[in-house]
Amino acid sequence: MIKVENLTKRYAGQTAIQDLNFEVGKGEIMGFLGPNGAGKSTTMRILSSFMPPTSGRATIAGFDIFEQSLQARAQLGYMPENVPLYGDMRVNEYLEYRAALKSVPHRRIAERVGDVKELCGLKEVEKKLIGALSKGYRQRVGLADALVHEPALLILDEPTSGLDPNQIRQVRELIKNLGKQHTILLSTHILPEVEMTCSRVIIINRGRIEACDTPENLLGQIRTAGGISLEAQVGPDNGAEELKKVAGVRDVTTTTDGEWSVFALRVESGADVRAEVFRLATQRHWTVRELSQRKATLEDVFVEITHPDAR
Amino acid sequence: MRKFFVLLSREVRSYFYSPIAYIVLVFFLLVSGADFYFQLSFMNQRPVPYSVQEAFFNSVFFWFAFVLIFPLITMRLFAEEFRLGTIEPLMTAPVRDWQVVLSKFFGALIFYIILWLPTLLYFAIFQAITHQPAANSGGAYLGAYLMLLLLGMFYLSVGCLASVLTKNQIIAAIISFCVITLLFFLGLVSFILLDVSSSTRQLLGYFSAIEQMGTLSRGEIDTRPMVLYLSMTIVMLVLTHQAFQSRKWRL
Ligand SMILES: Nc1ncnc2c1ncn2[C@@H]1O[C@H](COP(=O)(O)OP(=O)(O)O)[C@@H](O)[C@H]1O
Ligand SMILES: [Mg+2]
């Protein structure tokens with residue numbers, strides 16, 4: 001659906017993205033993850049033909065975004081960052097205008113606008129001025145606009161930014177459902193979002209792609225796949241030394257909480273050493289009050305990739 | 001073509017969303033009404049060798065209101081889309097650049113024509129009350145309104161160009177006001193500099209909106225200003241289109 005080759009964009013004196021290469025297949029929900037300023041919006045603006053790349057090329061549904069820009073744009077529903085809208089139009093009026101502009105046949109406009117209003121929960125504000133809407137509703141109007149012409153591909157730039165937790169949950173649900181019929185490329189700097197909604201993730205940092213895989217594979221790849229936490233009274237033993245002898249444990253850090261020692265164990269990826277640790281504790285007569293495993297999250301992947309020295 | 005009309009209809013409607021439109025309408029009605037009133041009361045005092053319609057279209061009032069309205073009509077056209085960022089959803093929809101440029105120009109032109117419609121009423125009312133013709137001939141109306149249309153198109157296209165150059169409406173208004181005033185006063189130079197040669201005077205005369213209006217509102221249809229303004233309008237619109245396209249490369 002999307003094919004990007006050596007895409008580079010330089011602003012005056014600054015390279016925003018450098019040699020991006022990736023593909024998004026039909027039906028995928030691709031997450032575009034990166035810290036602020038990583039180049040997510042820049043990439044999306046190029047893909048939506050809003051601005052040309054400095055070099056490289058990209059196609060959408062086989063249409064070159066530069067040479068066949070009009071056909072490429074016709075395939076695409078784009079929701080820009082911060083959702084700019086005409087504040088002096090009413091929701092209905094705006095969606096009808098956008099539908100007509102995106103070549104929805106005249107007799108289908110009412111039906112399509114009705115459908116997207118239903119889908120995005122805009123029924124109760126349909127007669128309101130867009131300028132008077134809250135951030136959450138503006139976001140939905142942007143989404144409804146992106147959907148109104150039933151595009152094959154949706155490009156959503158930070159669709160949940162600025163929303164409250166309830167609204168975020170609603171928008172995520174909506175996106176997940178949309179993924180059944182559309183190919184989606186969505187950007188975010190919020191990690192759980194990608195884990196929950198996306199089938200594949202591109203991690204981009206300082207204009208370069210650092211990783212591109214399914215969330216599960218990314219988790220498997222990182223050095224520290226998670227950790228074990230043990231809180232115990234170890235008596236005269238040197239707990240850390242003993243724990244390091246357990247197979248699969250790489251590293252142990254110790255803190256204390258009053259009488260209790262708190263051990264944080266970093267383990268090899270894929271290893272579950274809890275049973276071994278428990279056996280060790282009973283053997284050495286340690287009093288254990290907690291033994292738990294923390295699963296690695298995409299956040300660990302992200303931090304590891306974008307700040308290699310942070311851990 | 002359908003997209004052009006979709007865009008055009010939004011442009012025309014958008015004038016009536018904003019208070020600026022109503023302010024311009026009211027201001028324009030006041031000034032043109034005052035113009036009509038003063039010309040009539042002047043004519044009541046002594047016999048004059050021209051018609052009401054000629055007097056109306058050639059007064060200081062008229063020209064004052066005339067040059068002021070263009071910056072007001074055109075300043076927000078592109079500048080506001082840039083400032084609000086709505087240019088992004090607009091240009092990522094499958095529309096061509098020229099469709100956007102022309103829809104904005106013709107939207108402004110339609111609003112401009114709407115501004116002038118009430119003045120037709122002035123002449124109708126005058127005739128109904130006085131049972132005298134307001135103009136010497138039908139051609140005089142045609143000439144005057146044609147001149148308004150063509151000069152209006154040119155000045156609107158200048159305003160379009162000014163608006164595409166900035167995202168600040170006020171700057172757009174100042175640029176187009178300065179350029180339009182300058183162009184307008186170019187035609188006045190021959191009145192001010194009395195010792196210029198007759199050929200210079202004649203040359204400047206081609207650009208003198210006031211002289212042209214004098215001729216046309218008498219009903220003498222002169223094609224030279226029409227060709228001039230029509231071609232200048234096209235030049236300005238081409239420049240606007242160029243500037244609009246180059247915006248992508250400046251990003
Ligand atoms: N119009 C612009 N002019 C100059 N630099 C820009 C412009 N837009 C973005 N940048 C720079 O390009 C980089 C990437 O920005 P952006 O794509 O907006 O990042 P993201 O969306 O991932 O936060 C940033 O360093 C930003 O400062
Ligand atoms: Mg961004």
Side-chain angles (χ1 to χ4, degrees), chain A residues 9-12 16 41-42 44-54 63 65-66 68-90 93-94 96-106 109 129-131 141-142 145-146 148-149 151 155 157, chain B residues 1-24 75-104 107 111 164 167 169 241-251:
Chain A
K9 173 76 191 178
R10 271 181 223 104
Y11 293 111
S41 300
T42 302
M44 292 183 146
R45 285 174 148 190
I46 293 171
L47 288 178
S48 59
S49 303
F50 182 62
M51 60 188 186
T54 310
F63 297 110
I65 50 156
F66 196 65
Q68 299 157 300
S69 155
L70 229 46
Q71 290 100 310
R73 277 183 269 168
Q75 305 295 318
L76 166 123
Y78 172 55
M79 175 173 161
E81 195 171 13
N82 302 324
V83 204
L85 297 167
Y86 298 114
D88 46 19
M89 287 179 99
R90 292 176 196 283
E93 197 182 11
Y94 180 71
E96 281 160 16
Y97 155 70
R98 293 293 294 178
L101 196 61
K102 299 197 250 180
S103 304
V104 175
H106 211 282
I109 288 182
L129 281 176
I130 292 175
V141 173
D145 166 26
V148 75
H149 57 306
I155 296 187
D157 198 351
Chain B
M1 219 38 195
R2 176 182 172 215
K3 283 177 194 164
F4 170 74
F5 286 110
V6 171
L7 288 166
L8 181 64
S9 113
R10 201 207 80 83
E11 286 301 325
V12 174
R13 273 181 292 156
S14 79
Y15 276 102
F16 296 95
Y17 299 144
S18 84
I20 294 184
Y22 296 97
I23 294 169
V24 173
M75 62 184 192
R76 40 164 284 288
L77 287 181
F78 293 94
E80 188 166 67
E81 301 255 15
F82 293 147
R83 189 181 58 82
L84 291 177
T86 48
I87 192 71
E88 202 169 341
L90 177 61
M91 296 318 294
T92 52
V95 294
R96 293 176 197 277
D97 290 4
W98 65 260
Q99 289 172 326
V100 172
V101 170
L102 287 188
S103 70
K104 291 198 176 284
F111 181 71
V164 88
K167 60 171 151 184
Q169 290 189 46
H241 181 244
Q242 293 297 321
F244 189 54
Q245 283 196 314
S246 77
R247 140 205 73 95
K248 291 185 200 164
W249 302 97
R250 282 185 282 119
L251 281 172

>> Taking atom CZ as the centre, does B:Arg13 end up with more than 12 heavy-atom neighbours from other residues, nucleotides or ligands that are less than 6.0 angstrom away?
In response: yes

>> To the nearest 0.5 Å, what is the distance between CD on A:Glu81 and CD on B:Glu88?
In response: 8.5 Å

> At a heavy-atom separation under 4.5 Å, does A:Glu93 approach chain B through its side chain, its backbone, both, or neither?
Replying inline: side chain

> For chain B, which of A:Pro80, A:Gly142, A:Ser49 has the most heavy-atom pairs under 4.5 Å?
Replying inline: A:Pro80

>> How long is the straight-line distance from NZ of B:Lys3 back to OG of A:Ser103, given to the nearest 0.5 Å?
In response: 3.5 Å

>> Please classify the contact of B:Glu81 with chain A as side chain, backbone, both or neither, using a heavy-atom distance under 4.5 Å.
In response: side chain

>> Less than 4.5 Å to any heavy atom of chain B: does that hold for the side chain of A:Leu70, its backbone, both, or neither?
In response: both

>> Nearest 0.5 angstrom please: B:Leu84 CG to A:Tyr86 OH, how far?
In response: 8.5 Å

>> To check you understand the geometry: which heavy-atom pair defines the closest contact between B:Thr92 and A:Leu76, and what is its length?
In response: O-CD2, 4.3 Å

> Once you round to the nearest 0.5 Å, how far does CZ of B:Arg10 lie from CZ of A:Arg98?
Replying inline: 10.0 Å

> Going from CZ on A:Arg45 to CE on B:Met91, what distance comes out if it is rounded to the nearest 0.5 angstrom?
Replying inline: 13.5 Å

>> Whether the side chain of A:Arg73 engages the backbone of B:Ala93 through a donor-acceptor N/O pair (distance < 3.5 Å, no angle test) should be reported.
In response: yes

